[in-house]
Structure formats: structure tokens, C-alpha cells
Amino acid sequence: MSSAWTPSSWREKPAGQQPEWPDAGALDRALKTLASYPPLVFAGEARNLMAALGRVADGKAFLLQAGDCAESFDHFSANAIRDKLKVILQMAAVLTYSSGVPLVKVGRIAGQYGKPRSAPTETIGDLVLPSFRGHIVNDIAPTLDARQPDPDRLITAYHQSAATLNLVRAFTMGGFADLSRVHAWNQEFVASSAQGQRYEVIADEIERAMRFMQACGIDLQTEVQLHQVDFYTSHEALILGYEEALTRQDTITGDWYDCSAHMVWIGERTRELDGAHIEFHRGIKNPIGCKVGPSITPNELVDLCETLNPERIAGRLTLIARMGAGAVEEKLRPLLAAVRESGHPVVWACDPMHGNTFTSSTGHKTREFDDVLAEIHGFFAAHRAEGTWPGGVHIELTGDDVTECLGGSEKILDADLAERYETMCDPRLNGRQGVDLAFQLAELLRA
Ligand code: PEP
Ligand code: CO
């Protein structure tokens with residue numbers, strides 16, 4: 001690991017989950033084109049996020065990272081982006097109030113197009129097809145043609161990320177994120193939710209806090225802090241050629257930043273210490289994440305921290321635990337203790353989605369809202385026991401009214417799943433389930 005890092009040094013290491021591009025010349029042309037394009041984000045923004053995450057690592061702020069499992073090239077519209085952002089802002093408002101600390105808001109958005117798969121092929125009927133790897137690689141349709149990796153998709157991913165980011169910037173800076181509006185949406189949710197009354201107390205308290213600010217002379221309509229939000233982008237940096245092409249040297253510091261997003265993370269399936277994904281991430285200066293599942297040992301985890309954050313910069317590394325509701329307390333506690341003992345400053349975030357996936361009686365990949373909540377409970381309990389800071393949550397959701405996860409206050413049942421099951425990969429909470437989760441989490445934070 002001590003050899004020199006360059007944006008392409010990952011090529012010397014075994015790289016898991018990479019597509020078999022059929023035409024090397026076409027891939028090379030696409031990567032050269034990407035390398036000539038402007039960066040999507042600016043290194044200074046990534047540094048701002050790093051500082052904000054440093055405050056999370058210090059126990060003085062909370063991280064909400066949320067968005068699609070896999071963004072789609074087909075389902076791409078202003079309304080879909082707006083509605084996803086709306087849910088995240090609603091959740092953030094509730095969590096800011098209940099945690100009493102600043103919320104760091106990061107979307108799984110504007111680049112979340114590549115998916116790791118458990119097998120390189122899948123069998124549909126009597127066809128053996130290359131697995132769907134996300135729209136940055138191939139299409140989901142079950143034909144050999146659609147599943148052929150196509151390097152032009154790398155270019156499309158760039159353009160779609162740029163357009164998404166542009167709209168996100170406009171929404172978060174142009175008044176859409178105004179706290180009074182976000183609060184009004186939450187009041188609407190409470191008024192129309194089956195379990196609404198349960199959340200009325202919290203919504204009323206927020207209302208009173210806002211009236212108090214107003215009475216103190218703060219103009220809720222014009223105060224920049226209440227009118228605009230810092231919103232950052234993130235995705236799993238899976239397809240390394242794409243990430244390399246967008247990795248640029250910052251003219252101010254001379255450091256290398258992956259300018260495809262503010263934050264990028266390493267997935268559970270590609271976190272081998274001597275693998276290409278760790279090699280790539282160790283050299284970029286962005287804030288980075290790494291998923292950690294139940295198979296990791298305390299020693300491995302400390303080695304991972306040492307490799308990815310040797311300078312021990314707070315905010316550099318977010319560990320995203322995805323243990324499963326049943327295992328979280330038992331698995332997490334020794335890991336929390338080991339990292340604490342090592343002195344590594346990390347953000348601990350809870351991904352309560354990926355350890356709780358199962359197949360429903362109707363054959364849909366799904367998750368129970370109550371399991372998601374139970375994993376968050378276990379995550380908090382483990383941190384309380386170890387004296388560490390439960391830094392945040394990492395959620396798969398959409399603003400659309402889908403039926404992919406079971407339960408929640410609308411009580412989605414097995415039989416409802418087929419109605420609007422639209423995800424290309426993992427099941428997402430719908431907009432109402434997302435806000436519902438934030439209110440339940442608020443209750444947990446108060447207790
Ligand atoms: C994901 O976040 O969609 C994902 C594939 O997660 P993990 O790497 O934790 O399995
Ligand atoms: Co997922």
C-alpha cells in the first residue's frame with residue numbers, strides 16, 4: 001500500500017465488479033472524452049463537506065445520506081428530482097429539531113448509476129444473461145443486446161449527473177428549501193397521515209420554535225440560513241474508469257479530487273484491502289465512505305481506517321454499518337470499541353437497508369419498515385453502550401409513491417407490492433415512509 005498513488009494506480013490491483021466492456025477502443029474513447037469534460041463538483045465544496053463531516057465525527061452534527069438505490073436513465077425528470085429532494089429536506093428538518101445539532105445533508109443522487117451484483121450472470125427462462133450493473137453500464141431489459149455493456153453510457157451518466165446537480169443546486173439555493181415551506185409540508189404530512197396525531201406534538205413544537213425565532217426578530221423569509229441549504233452529492237464509486245476520468249488535480253492545493261461527486265463510497269463487496277477500490281479511494285482527497293457488513297473483524301476495520309485515513313483527518317472517513325436488525329448490536333459493539341481504541345476519528349452512519357432485504361411471498365425483493373427502524377434502534381443502543389456518537393443514517397428512498405418496502409404508517413402489505421414496484425435494484429422507502437421514519441427517529445432521539 002505504500003507505493004506511489006496516481007489516479008490510475010488502481011489498475012495494478014484486482015478490481016471487482018467491473019463490466020467486461022466488449023470494445024476496448026470504444027471504452028478508451030469514452031474515457032478520453034470524459035477526461036476532457038469539466039468537473040461536476042469543485043474541490044472546495046468537497047472540503048466544505050469534509051469540514052461538516054468532521055463536526056459529525058466530533059459528535060456535534062448528524063449526517064442524513066439518502067436517495068435511490070440506483071438512479072435511472074429512463075425515470076429522469078424535474079418532478080422526480082424535486083420530490084426526492086423534498087423528502088430529504090422534510091426528514092432533515094425533523095431531525096435537526098430533534099437532534100438539536102446541524103444536519104449534514106448528502107444525496108445518493110447525481111451519479112448513483114453503478115450497481116455491484118452477487119453474480120456476473122443471471123438466468124431468465126432459458127437465457128443466461130450478463131447481470132444488470134446499473135444504467136452507467138447496461139440496460140435492465142432481459143435481452144442479450146440490452147445487457148451488453150456500452151461505454152456511451154459513461155457519457156450519458158456524466159450528462160445526467162450534470163443536469164441533476166444543476167437542478168439540485170437551483171432548488172437548494174433558489175427558495176425551494178425554505179424552512180417555512182419544508183415545515184408546511186411536514187404539517188401536511190402529519191395532518192394526512194394515519195398515525196399523524198402521534199407526530200403532532202413534534203410538529204407543533206417546531207412550529208413554536210419558528211414563531212419564537214420570528215418573535216426574536218429573525219425574518220424567516222429572508223434569513224439565508226433558513227432559506228438555503230448546503231446539499232451535497234454522493235454515490236458508490238464502483239466503475240473505476242469513470243471515476244478516474246473525473247479525478248482532477250486541484251489548482252489551489254495540488255491535491256487530487258474525484259470531481260464526480262462531493263463524497264464517494266466503497267461498497268461492501270469491493271472493500272478488500274489490497275483491491276483496486278481501496279487503492280483508488282486512498283489517494284483522492286474527497287470525504288469518502290466505506291460500507292461495513294457483519295463479516296468484517298475489528299482488526300480488519302482498523303487496518304481499513306489506517307489505509308484510507310492515515311493522517312487521521314476527522315470527516316475524511318465515514319463508516320456505513322449495514323449489519324441487519326438482528327445482528328447490529330452484537331456485531332457493531334466490538335467494531336465501535338476497536339475504532340475508538342485506535343483513536344481514528346470516523347463518522348459512524350447506520351445503513352438500515354442492506355442488511356434487511358428479503359424476498360416476499362409475491363417474489364419481490366423487499367424490506368420491512370419495522371426492521372429498518374429496529375436496526376437504527378440497535379445502532380443507537382450500541383453507540384450508547386460504547387460511549388460513541390451515532391453520527392447518522394444512510395437511507396434508500398424515493399419521493400415517488402412506490403410500494404417497495406412493507407409496513408410504515410400506510411401498512412403496505414405483501415399483496416400491495418406489485419402495485420407500484422418500480423425500483424431497478426433494491427426496494428426504497430416511498431416519500432411518506434421516509435418522513436414517517438424521520439419522525440420515529442425523532443422520538444428515538446428525544447428518548
Ligand atoms: C448500495 O448501497 O446500494 C449497496 C449495494 O450497498 P452494499 O455495498 O452495502 O451492499
Ligand atoms: Co441498494
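These numbers come from the heavy atoms of this one structure, side chains and all, not from hydrogens, waters or symmetry mates. In listed order, ligands and their atoms are each counted from 1.
- Protein N/O/S atoms closer to the Co ion (ligand 2) than 2.8 Å number 4 in this structure.
- Taking the six-membered ring where tryptophan is involved, the planes of W185 and F176 are tilted, since the angle between them lies from 30° to 60°.
- Proximity of a side-chain donor or acceptor of E375 to a complementary backbone N or O of V328 within less than 3.5 Å is not detected.
- A donor-acceptor pair shorter than 3.5 Å can be found between the side chains of R108 and H394.
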Check each N or O atom of ligand 1 against all protein N or O atoms and list the pairs under 3.5 Å, with atom names and distances to 0.1 Å, one per line.
| residue | atom | partner | partner atom | Å |
| --- | --- | --- | --- | --- |
| ligand 1 | 2 (O) | R108 | NH1 | 2.9 |
| ligand 1 | 2 (O) | R108 | NH2 | 3.3 |
| ligand 1 | 2 (O) | K291 | NZ | 2.7 |
| ligand 1 | 2 (O) | H354 | NE2 | 3.4 |
| ligand 1 | 3 (O) | R108 | NH2 | 3.0 |
| ligand 1 | 3 (O) | K115 | NZ | 2.7 |
| ligand 1 | 3 (O) | H354 | NE2 | 2.9 |
| ligand 1 | 3 (O) | E396 | OE2 | 3.0 |
| ligand 1 | 6 (O) | K291 | NZ | 2.9 |
| ligand 1 | 8 (O) | E268 | N | 2.9 |
| ligand 1 | 9 (O) | K291 | NZ | 2.9 |
| ligand 1 | 9 (O) | R322 | NE | 2.6 |
| ligand 1 | 10 (O) | R269 | NH1 | 3.2 |
| ligand 1 | 10 (O) | R322 | NH2 | 2.9 |

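- Between Y158 and Y37, the two ring planes are tilted [angle within 30° to 60°].
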Checklist entry - Passes ring pair (Phe, Tyr, Trp, His ring centres under 6.0 Å), H135 versus Y113? Steps please. => result CA-CA 6 Å; H135 271 169; Y113 302 111; 8.1 Å; no
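- Looking at every heavy atom in both residues, T362 comes nearest to D414 through CG2-O, 3.6 Å.
- Between I140 and M424 the shortest heavy-atom distance is CD1-O, 3.5 Å.
- With 3.5 Å as the limit, one finds a donor-acceptor pair spanning the side chains of E243 and S260.
- Below 30°, between 30° and 60°, or above 60°: for F62 and W389 the angle between ring planes is above 60°, a perpendicular geometry.
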